[in-house]
Number of protein chains: 2
Amino acid sequence: MRKVRTYSTDIDLVQERRAQIVQTAVELIVKRGYNRTNTRELATALGMSTGGLYHWIGSKDDILYLIVNFTSDLTQGLLDNCARCGGGTVTQKLKESIKIYFSGVEEFRNFHNFINHVMLSLSANDRRIVYQNESRIVDYFEGLLDEGVKKGEFREIDCKCIAHNIVAIANAWANRGWYLKRYYTIDKYTSEETDNLLAQLTGVPTASVRSR
Amino acid sequence: MRKVRTYSTDIDLVQERRAQIVQTAVELIVKRGYNRTNTRELATALGMSTGGLYHWIGSKDDILYLIVNFTSDLTQGLLDNCARCGGGTVTQKLKESIKIYFSGVEEFRNFHNFINHVMLSLSANDRRIVYQNESRIVDYFEGLLDEGVKKGEFREIDCKCIAHNIVAIANAWANRGWYLKRYYTIDKYTSEETDNLLAQLTGVPTASVRSR
DNA sequence: TTTGATTGACTGAGCGATCACTCGGTAGAT
DNA sequence: ATCTACCGAGTGATCGCTCAGTCAATCAAA
């Protein structure tokens with residue numbers, strides 16, 4: 001956790017203001033791109049002056065860092081929810097986790113699009129945070145799939161690959177929303193993809209297909 | 001096709017220089033991001049001066065447009081290759097098309113990452129080009145899947161959804177290459193994902209799984 | 001209760017730097 | 001002599017960031 005300069009000593013207020021900055025900055029950046037979002041506009045959108053903005057942060061790049069960190073917290077929260085979700089079988093756990101993660105992507109679509117957009121502009125350190133973050137998600141699903149295979153609920157599959165697919169397809173809801181939203185709601189998309197996945201994991205009767 | 005200013009009248013030379021500009025610009029932008037790639041550096045990398053650069057293009061934004069258009073041509077070329085590929089069954093055609101498209105993503109990874117990065121900065125018109133482009137790819141695979149279902153090679157599936165998945169998973173090789181390249185080569189990834197897909201499409205024997 | 005001092009969030013004009021783009025000029029080919 | 005690819009110092013505009021200053025809130029002494 002890097003230090004970000006502030007002239008305030010009120011820790012709570014700093015956190016509150018930075019949360020506002022992160023929220024507003026993400027909205028603006030996703031709308032207009034990072035370079036076209038200048039500090040003047042951002043300050044105005046926050047109901048501040050540029051000087052006021054720099055009371056809470058040290059530089060424009062700090063905003064990237066704060067957003068990356070905030071995103072990291074968001075996904076950690078989602079994973080915690082996933083880990084807590086019940087269900088006796090691994091299949092049920094997987095279904096619920098997917099539901100939680102997919103609706104998380106929908107809820108924080110702006111943040112996903114933001115990360116996508118600024119990835120190349122991030123410092124090496126900030127990029128590492130994003131990587132760790134994404135890896136954690138894949139690891140979680142990989143663990144679930146592994147468990148399912150061990151317990152005989154799923155057939156033998158490349159768990160790493162399929163875990164990656166789950167995450168890639170979830171992220172696609174943010175990245176490729178312009179396409180998907182023409183045809184699906186997030187609920188329809190989630191259930192459709194869950195079905196697709198389970199067909200892969202458990203297999204479906206070949207005979208009934210061939211006989212059609 | 002928008003007009004891009006040039007002071008030259010030699011159409012062939014314009015095209016050649018612009019191809020060089022596109023190639024070099026993509027490499028630089030993917031390395032450093034769009035705003036940090038200034039015209040001086042780009043010109044230097046091209047062995048030109050800034051003035052020389054503006055002999056061939058009218059503005060920095062024109063470069064975005066040229067790259068977007070170039071990308072569009074690239075994918076059109078890939079789709080043409082796909083359409084031309086033989087094989088008696090739809091399954092074989094699908095396998096070959098996936099191979100062509102996936103290796104295309106690998107070959108033009110820079111372009112994919114570029115589009116990802118600048119999407120939010122694109123003008124409405126340029127963005128429309130990207131959308132049309134991506135839609136064409138999904139449509140191609142959707143058509144193949146439809147054909148497969150009609151001919152009874154695949155079970156009844158949501159072709160649009162699965163076509164989208166193919167594209168999303170292919171693009172993931174570019175977007176999420178930092179993760180995937182730790183564990184897969186493009187060939188391994190392609191064959192793994194092809195197997196996964198066919199398991200979805202044709203179904204796999206449930207019995208053998210259950211009996212394990 | 002009044003008053004004077006102090007604090008700290010916030011202001012906004014302005015500075016320095018950068019950057020996209022121009023334009024008068026040059027050198028080599030025809 | 002003309003043409004044209006190319007040069008590079010210069011220009012105007014933008015943008016990140018600063019800093020001297022404002023003002024309302026807080027507090028302590030009178």
Side-chain angles (χ1 to χ4, degrees), chain A residues 2-22 24-26 28-29 31-67 117-118 120-123 126, chain B residues 2-22 24-26 28-29 31-67 117-118 120-123 126:
Chain A
R2 200 174 86 200
K3 260 254 182 286
V4 171
R5 190 205 66 190
T6 177
Y7 292 120
S8 171
T9 50
D10 185 336
I11 313 172
D12 292 339
L13 192 54
V14 168
Q15 211 152 24
E16 189 189 325
R17 287 280 179 278
R18 284 185 180 169
Q20 293 166 348
I21 292 171
V22 161
T24 308
V26 164
L28 282 183
I29 293 172
K31 243 183 245 156
R32 316 167 53 89
Y34 181 65
N35 30 342
R36 278 208 278 265
T37 304
N38 58 46
T39 52
R40 266 168 259 260
E41 272 179 307
L42 175 58
T44 305
L46 281 160
M48 285 181 184
S49 62
T50 49
L53 179 61
Y54 280 89
H55 193 69
W56 308 105
I57 57 162
S59 71
K60 194 186 175 189
D61 275 350
D62 281 343
I63 299 177
L64 291 188
Y65 171 73
L66 288 175
I67 300 177
H117 172 65
V118 298
L120 299 179
S121 319
L122 290 182
S123 68
D126 291 1
Chain B
R2 198 174 88 201
K3 259 255 181 285
V4 172
R5 191 204 66 190
T6 177
Y7 292 119
S8 171
T9 50
D10 184 337
I11 313 172
D12 292 340
L13 192 54
V14 169
Q15 210 152 24
E16 189 190 324
R17 287 278 179 280
R18 284 184 181 170
Q20 293 167 351
I21 292 171
V22 161
T24 308
V26 164
L28 283 183
I29 292 173
K31 241 183 246 154
R32 318 167 53 87
Y34 181 65
N35 33 341
R36 277 208 280 266
T37 304
N38 58 44
T39 52
R40 266 170 263 260
E41 272 179 307
L42 176 57
T44 306
L46 282 160
M48 284 180 185
S49 62
T50 48
L53 179 61
Y54 280 88
H55 192 70
W56 309 104
I57 57 161
S59 73
K60 195 185 177 190
D61 274 352
D62 281 344
I63 299 177
L64 292 188
Y65 172 72
L66 288 174
I67 301 177
H117 173 64
V118 298
L120 299 179
S121 321
L122 290 183
S123 68
D126 291 1

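The model shown is predicted, which means the values in this text are computed figures rather than measured ones. A, B, ... follow the sequence lines: proteins, then strands. Residue 1 opens every chain.
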_Counting only side-chain heavy atoms from C-beta out, which of D:dC17, C:dC10, C:dA20 sits nearest to B:K60?_
C:dA20
*Answer yes or no: is there a side-chain heavy-atom contact under 4.5 Å between A:R18 and A:V4?*
yes
*asked:* Measuring to OP1 and OP2 of C:dT22, would you say a side-chain N or O of B:R5 lies under 4.0 angstrom away?
replied: yes
*For atom CG of A:L42 and atom C1' of D:dG16, their distance in whole Å*: 12 Å
*To the nearest Å, how far apart are B:R36 CZ and C:dA17 C1'?*
16 Å
*asked:* Quick one, B:D126 and B:R2 - any side-chain contact, counting heavy atoms below 4.5 Å?
replied: yes
*Please report, rounded to the nearest Å, how far the C1' atom of C:dC21 is from the CG atom of B:N38.*
13 Å
*Given side chains that start at C-beta, do those of B:R17 and B:L13 come closer than 4.5 Å, heavy atoms only?*
yes
_So B:H55 and B:M48, do their side chains get closer than 4.5 Å, heavy atoms only?_
no
*Can you tell me the distance, in whole Å, between the OH atom of B:Y34 and the P atom of C:dC19?*
13 Å
_Between C1' of D:dT4 and CG of B:D12, the distance in whole Å_ = 16 Å
*asked:* Does D:dC6 have OP1 or OP2 under 4.0 Å away from a side-chain N or O of B:R17?
replied: yes
_First of A:Y7 and B:N35 reached from the 5' end of DNA chain C, by closest nucleotide_ = A:Y7
*asked:* Less than 4.5 Å apart, side chain to side chain, heavy atoms only: is that true for A:L42 and A:I63?
replied: yes
*Does A:T39 make a side-chain N or O approach to OP1 or OP2 of D:dG16 shorter than 4.0 Å?*
yes
*Integer-rounded Å distance: D:dC15 P and A:I63 CD1*: 14 Å
*In terms of heavy-atom contacts, does CD of A:Q15 have more than 12 from other residues, nucleotides or ligands at under 6.0 Å?*
no
*Taking CG from B:D10 and P from C:dT30, how many angstroms apart are they, rounded to a whole number?*
12 Å
*Using the test side-chain hydrogen bond (donor to acceptor under 3.5 Å, both in side chains), find all partners of A:R5 that sit at least two apart in sequence or belong to another chain.*
A:Y7
*For DNA chain D, what residues of residues 44-58 of chain B have any heavy atom nearer than 4.0 Å?*
B:G47, B:M48, B:S49, B:T50, B:G51, B:G52, B:H55, B:W56
*From the options C:dA20, C:dA9, C:dG14, select the nucleotide whose nearest atom is closest to the side chain of A:L13.*
C:dA9
*A:E41 CD to D:dC15 P, straight-line distance once rounded to whole Å*: 8 Å
